[in-house]
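Have a look at the structure below, then the notes.
Order of the sequence lines sets the chain letters (A, B, ...), proteins ahead of strands, with each chain counted from 1.
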Amino acid sequence: MKKFPKEEYSVPFFKDEDYVRKLCPKCGEYFWTQNPDQKTCGEATPEGCAPYTFINNPPTRKSYSLREMRETFLSFFEKREHIRIKPYPVVARWRGDIYLTHASIIDFQPYVTEGIAPPPANPLVIVQPCIRLVDIANTGPTFGRHLTVFEMGGHHAFNYPDKEVYWKDQTVRYHHEFITKELGVKSEEVVYKEDVWVGGGNAGPDLESIVRGLEVDTLVFMQFKVVNNEFVKLPIRTVDTGYGIDRYAWLSQGVPSCFHAVYSSLLDKIVEMAGIDEIDNDLLMKVAEVSGLVSLDKTASRLEARRKIAEIVGMKMDELDGFLLPIENVFAVADHTKCLSFILSEGVVPSNIQEGYLARLLFRRVYRLLRILGITDKLYDVMDMQIDFWSKDYSHLKEMRNEIMEILSVEEKKFEETIKRGGGLVKRIAEELKTKNILEIPVKTLTELYDSHGLPPEIVRQFAEEEGLEAEIPENFYALIAERHMQTTGKVEDARPEESLEKAVSNLLETEQLYCQDQYMREFEAKVLKVIDSEYVVLDKTCFYPESGGQPADTGNLVLDGNKVEVVDVQKVGRVIVHKVDGTVPKEDSRVKGMIDWERRYSLMKNHTATHIVNGAARRVLGQHVWQFGTQKGANRSRLDISHYRRLTLKEVHKIETLANQAVLQNIAVETSWMSRNEAEKLYGFRLYQGGAVPGKEIRVVKTGDWDVEACAGTHLKNTGEIGFIKIIHSERVQDGVERLVYSVGIPALKAVQENEEKLWRLSEILSAPLEKLDKTAEKVVAELKEANAEKRKLIKEIAEWESLVLGGRREGEEIEEVEGIKVVMRDFKEVIDVDRMVQTANQMIKRDEAIVTVFYGTDGKNARIMVMAGKTAIEKGANAGEIIREASVIIGGGGGGKVNFAQGGGTQIEKLLEAVEKAEEVLKKQLRH
RNA sequence: GGGCCGGUGGUUCAGUCUGGUAUGAAUGCCUGACUUGCACUCAGGAGGUCGGGGGUUCAAAUCCCCCCCGGUCCA
């Protein structure tokens, strides 16, 4: 990564306060300090620049709980003209590029940082719960330097070209004042380390502040946009600070780990549940002091770091491991269950895609940890405690308690199921390996079991050990998994035609959207601004709706001097609407009349409003975790994908349908309005973003009474009553955790009902049963069919047995000859070339007398078939069915094969069948006489 | 969005690579015998559209294509 020059960091504050800039000999980074004798940067890095010196020795005036620290931070900046902003959700629904809020600045990207929308306040201060799953492997072993869920304090200032709020110097001064005056840390103990920050598509220089070994915050001066790996200056310079509120609490308490500081009594309870006896606190603190050495993604692997630490504290590695592992696991449980409660409380349904996968990943990790600790039964207790604990600050958690518990139990069952399946799988694999005398599960099998079957290696090892096999889990196991996924080559995306369009319309003004002003407008007049490739027409205004938000584009006509051109597609390219036409294109600057296919559009409007209603109904029936996952509207039928943790029952579907139709009957007014992003979010919350992230400064809000509110650009009805009738046609599972509802609206809905009825009537006709007895009759018919099937097989067997009895009788087409004491039975089955019949018959004969060879043949007029079966005695005499068939079937122009005792073959040259049979006889006799 | 694994008696699976009898295995079920203290034992029996459709072939559970369903990992 490129570095910024010294000037970017040397703020006047450093000069005023006699700071010196130095280069750390261990990690190679520059840092600023007031202490001229300071050698290293003083951060507890994996490179070992310094240990933590705040453990049992906090540098602050007093000890703060997390809540106290949060409040201290917020009010400090509030007193200095910052407006306090409420935290955003941890699931970043307003963004299309990421799933989770992992920093406070995420709340203001990209609209505020790119100048599209104003910030809710400027400057502002916020404490934002953040989730970072990339640090999941480090959470625990680093004693809380890494957490999957933490609170980030940020004081942010957005500097516009014409309005400067504050920039680097003031930021550092605020920070320094907070840490020294407010918290009481000695000024010379605060080190500022230079770094380059890149994230969320933005970049800038940053200063990290270090106190007694711990990096407590990062002050980022965001001023670039990253385009093709190049830094491009942004018009807006953003002060993006990230104060680790959890780390600050840890620093102030001087306890062994950040988990002690954040969870206090909750952590004790988990320790107690896990039955961990008295923890040697002195040892724990000794280890904590050097825990900065641990970092799983950097050069030092877990084992290496462990060895170093064991050496420092003067212990054997196994001993240290035995001491630390359960504690680390408890740390991770405390962290992950909090994280899980936050994610689930915002309605994320665990699944195998997108943010749902992250929830599942987290759940399974927690569950595995609990398994190792032997307390899976305590899952609900721990989660309950977390919900109670954090509801004091984040009240939405307790409102979702029941749904969270329900989702947990579904997930638990699923995981138990996976493990159970895995147990059987490992057992079978183990048995196979044992027959090959392999007593260790190969690494390849381990990775395969994890990747394809979701079986974590330590669980495989456990199962394998039960089978008396060993399993060595390589240190880089998860890297191997990553490798497996690297091997696949990604498809190259096709060049989109819009790209050339984008260029062509780039200098045009925004098209006036008439369909937004009056959603019922059918005709309009407009000026032709541009014609591209004599196929695309751009007008100054239009009421043709471009495809977006799952609503297809309008179709219709453009008329000029009585000449009609058909509009086949409409797309929005940036801010310009482009009509794709089929026919003679109007000239530029001419005036045209536009007419949309109103019947189609009106159906689409009905379907679109109905989608909002069904979504609201589903949420009411299934719970607050229901979010729109995707949607496609059509004139005849539409579909809505929603997140839900189990398969919908017909009852639930009917409930949703009934509720939706009630909303239709209530004739609810549908209001659309444009409002600023901040105002809309404040009024309606983030539920607005059902259809995903919505761009722009102003957003369009579609409000269906109290039923549903969404940010949506689509065309809607004035009243729900216009829908008439909604019929959910069927539901299917698109993905784990995603259910699809397919429905029709109005007359097509009626048609759907009628179609079903037609099918029922037809069925009733076929079965000649009255409608109300259809189910019973169908059951009976299927049962009878099964019975008949069984009967047929029984009969084939019986016939075979009977036919074998009359061996040597006067059956037509049968010849029996005795060769060398072996009976050769030749039989023409005529048109019955059913293998089953021949096989059964032959089986029966040979069962009775092993000194038999059967040569059965027949033809149905298209194919000829020969089958040979030999009894044991015959085989001993030299009979070989496979050989006979191979020679004979060539004659009839086909092929065949089999084993010594049984073979079959055939061909299409049926006229040569007898010749082939003679050949078979000849070969057989030769074999027997040899 | 992408990758991987799977769908065969009621259940759990073998067989698929290398096409050729589902004489399939275990368990559960039914009948009988033997037992009557804890997966009883023994004998016999019933139970299959091999997920669906198309193709290749004399022949497909097996090979090829499409679809459906389940599981799982990753972004």
Assign the ring pair A:F363 / A:F415 to parallel, tilted or perpendicular, where the plane angle (0 to 90°) is split at 30° and 60°. perpendicular
Do the side chain of A:E346 and the main chain of A:V91 share a donor and acceptor less than 3.5 angstrom apart? yes
Which residue is it: A:I372, A:T418, A:L449, A:I419? I am looking for the one with a side chain to side chain contact (heavy atoms under 4.5 Å, CB included) to A:I459. A:I419
Could you run down the sub-3.5 Å N/O contacts of the protein with nucleotides 17-19 of chain B?
none

When rounded to the nearest 0.5 Å, the distance separating CD of A:Q109 from CH2 of A:W94 is 10.5 Å
Counting the atoms with a prime plus P, OP1 and OP2 as sugar-phosphate, which does A:I866 contact under 4.0 Å by heavy atoms, base, sugar-phosphate, or nothing? nothing
Generate the contact string for nucleotides 67-72 of chain B. Rules: B means base contact, S means sugar-phosphate contact only, - means no protein heavy atom under 4.0 Å. --SSBB
Do the side-chain N and O atoms of A:Y645 and A:E411 include a donor-acceptor pair separated by under 3.5 angstrom? no
Do any N or O atoms from the side chain of A:Q690 and from the backbone of A:Q628 form a donor-acceptor pair under 3.5 angstrom? yes
Which pairs, protein N/O on one side and nucleotides 20-24 of chain B N/O on the other, fall under 3.5 Å?
| unit_1 | atom_1 | unit_2 | atom_2 | d |
| --- | --- | --- | --- | --- |
| B:G20 | O6 | A:G896 | N | 3.2 |
| B:G20 | O6 | A:G896 | O | 3.4 |
| B:G20 | O6 | A:G897 | N | 3.4 |
| B:U21 | O2 | A:N843 | ND2 | 3.1 |
| B:U21 | O4 | A:N901 | ND2 | 2.7 |

Any donor and acceptor pair, going by atom type alone, linking the side chain of A:S643 with main-chain N or O of A:H625 inside 3.5 Å? yes
Look only at the side chain of A:D641 and the backbone of A:F629, and say whether a donor-acceptor pair between them is shorter than 3.5 Å. no
